[in-house]
Amino acid sequence: MSESIAGIEIPDSELVRAATEVTREAADDPVTGDTLFHHSRRVFLWGMLKSRARGIDVDPELAYVGGMFHDLGLTRAYRTTAQRFEIDGADAAAAFLREHGRTEAEVRDVWLAIALHTTPEVPVRLAPETGVVTLGVETDVLGLDLDQISDADKQAVLLAHPRPDFKRRILHAFHEGMADRPHTTFGTMNDDVLAYFAPSFRRENFVDIIQRNAWPE
């Protein structure tokens, strides 16, 4: 039987149950605890609520996988040291969807949803299943456009998936997930996190890269 939170139905399907299990297991990470699991579920719910308010039809199963996998790259089970955490999660989601028989177009849309979820403006110009994750992340992490969600819907979501001490905990999870790959944060807001937690961190400078590269004047 499907579950409904704030009028958003969470499909009772094999794909959704498997995605929940994957994220639950990854959320057993001793550093992040349940923070990422509840955050990921809220991202799905906020994204679906905002999409509904905009009259945008979104495949709920694909939106769910995007929401649940979007931060897996921060966890010990899925993170690497060679690429951005967003790509770690996107790659995991792509493999997961292929295993469950989804089309390559669907895989691409969810991959982009996760890979681009820290890139403002672009995802919402793409497929609905790509933009929905960014809408949810911007709501839960940045608190953008909270007035577009009714108080009753906010209360229903937070009752199901509370966010105790969330601001501190999510920043801690970001830092733990990126501290050993600082070079991957160039060009994103992620270097703000490393600069906050590690005063010795030195950001790459785009202007310096242009001025010092190998091309002769």
Side-chain angles (χ1 to χ4, degrees), residues 1-6 8-29 31-52 58-80 84-103 106-119 123 126-142 156-163 166 169-170 173-174 176-177:
M1 183 175 180
S2 61
E3 179 184 10
S4 179
I5 300 173
I8 300 299
E9 183 174 310
I10 300 173
D12 183 21
S13 67
E14 179 185 351
L15 183 75
V16 166
R17 290 192 297 271
T20 301
E21 182 178 353
V22 167
T23 312
R24 266 293 190 198
E25 290 176 352
D28 284 342
D29 185 310
V31 174
T32 57
D34 280 344
T35 298
L36 290 183
F37 176 77
H38 289 294
H39 164 57
S40 297
R41 292 265 290 194
R42 292 194 306 271
V43 162
F44 164 73
L45 293 165
W46 301 138
M48 292 296 285
L49 283 166
K50 283 192 170 177
S51 295
R52 185 177 67 184
V58 185
D59 182 315
E61 288 191 317
L62 296 181
Y64 191 82
V65 173
M68 297 307 284
F69 278 67
H70 84 278
D71 273 348
L72 280 190
L74 296 172
T75 69
R76 295 182 183 183
Y78 288 91
R79 69 182 181 233
T80 67
R84 291 169 50 169
F85 86 87
E86 302 95 325
I87 296 178
D88 288 338
D91 288 348
F96 173 84
L97 288 169
R98 289 188 180 108
E99 288 171 4
H100 286 81
R102 302 307 292 245
T103 69
E106 293 169 331
V107 169
R108 180 198 61 225
D109 288 342
V110 176
W111 191 94
L112 287 170
I114 299 170
L116 295 176
H117 81 265
T118 59
T119 304
L126 303 177
E129 290 74 25
T130 298
V132 67
V133 175
T134 289
L135 289 175
V137 170
E138 289 178 344
T139 303
D140 207 51
V141 178
L142 302 179
V157 171
L158 296 178
L159 181 63
H161 297 289
R163 38 180 291 150
F166 177 70
R169 290 182 180 184
I170 196 63
F174 288 153
E176 288 294 322

Validation row: Ser51, Leu135 side chains within 4.5 angstrom (heavy atoms): yes
Any donor-acceptor N/O pair, Thr75 side chain to Leu72 backbone, under 3.5 Å: yes
Validation row: Val110, Phe96 side chains within 4.5 angstrom (heavy atoms): no
Side chains of Thr20 and Phe37 in contact at under 4.5 Å (non-hydrogen atoms): yes
Nearest-0.5 Å distance, CZ of residue Arg41 to CZ of residue Arg24: 8.0 Å
For Arg108, salt bridge (Lys or Arg N to Asp or Glu O under 4.0 Å) partners two or more places apart: none
Heavy-atom pair of closest approach, residues Ala94 and Val107: CB-CG1, 3.6 Å
Interatomic distance, His39 atom NE2 to Arg42 atom CZ [nearest 0.5 angstrom]: 7.0 Å
Pairwise side-chain contact, Thr80 with Asp91, heavy-atom cut-off 4.5 Å (strictly under): no
Stepwise side chain to side chain contact (heavy atoms under 4.5 Å, CB included) test for Asp12 and Arg17: CA-CA 7 Å; Asp12 183 21; Arg17 290 192 297 271; 2.7 Å; yes
Heavy-atom pair with the smallest gap, counting every atom of Gly67 and Ser40: O-CB, 3.3 Å
Under 3.5 Å donor-acceptor, Thr134 side chain and Pro123 backbone: no
Where Arg163 and Asp140 come nearest, the two heavy atoms and their spacing: NH1-O, 2.8 Å
Parallel, tilted or perpendicular: ring planes of His38 versus His161, cut at 30 and 60 degrees: tilted
Residues Glu138, Lys50; criterion salt bridge (charged side-chain N to carboxylate O under 4.0 Å, His left out); working and verdict: CA-CA 11 Å; Glu138 289 178 344; Lys50 283 192 170 177; 6.0 Å; no
Minimal non-hydrogen separation, Leu36 against Ile170, with atom names: CD2-CD1, 3.7 Å
Spacing of Asp71 atom CG and Arg79 atom CZ [to the nearest 0.5 Å]: 12.0 Å
CG-CD1 distance between Leu49 and Ile8, expressed to the nearest 0.5 angstrom: 4.5 Å
Counterpart residues, salt bridge (Lys or Arg N to Asp or Glu O under 4.0 Å), relative to Asp88 (two or more places apart): Arg181
Whether Glu129 side chain and Glu106 backbone form a donor-acceptor pair below 3.5 Å: no
Distance in Å, Arg84 CZ paired with Thr118 OG1, rounded so as to fall on 0.5 Å steps: 4.5 Å
Student check: side-chain heavy atoms of Val65 and His100 closer than 4.5 Å: no
From CG (Leu74) to OG1 (Thr35), nearest 0.5 Å: 11.5 Å
Side chain proximity check, Ile5 to Val157, heavy atoms < 4.5 angstrom: yes
Closest approach of Ala19 to Met68 (non-hydrogen atoms, all atoms of both residues): O-CB, 4.5 Å
Test item: Val16 and Glu3 side chains (from C-beta on) under 4.5 Å apart, heavy atoms: no
Set of residues satisfying ring pair (Phe, Tyr, Trp, His ring centres under 6.0 Å) with respect to Tyr78, sequence neighbours excluded: none
Contact check, side chains of Pro60 and Glu9, non-hydrogen atoms, under 4.5 Å: no
Side chain to side chain contact (heavy atoms under 4.5 Å, CB included) evaluation trace for Phe44 with Val132: CA-CA 8 Å; Phe44 164 73; Val132 67; over 6 Å; no
Near-ring test Phe85/His117, centroid separation under 6.0 angstrom: yes
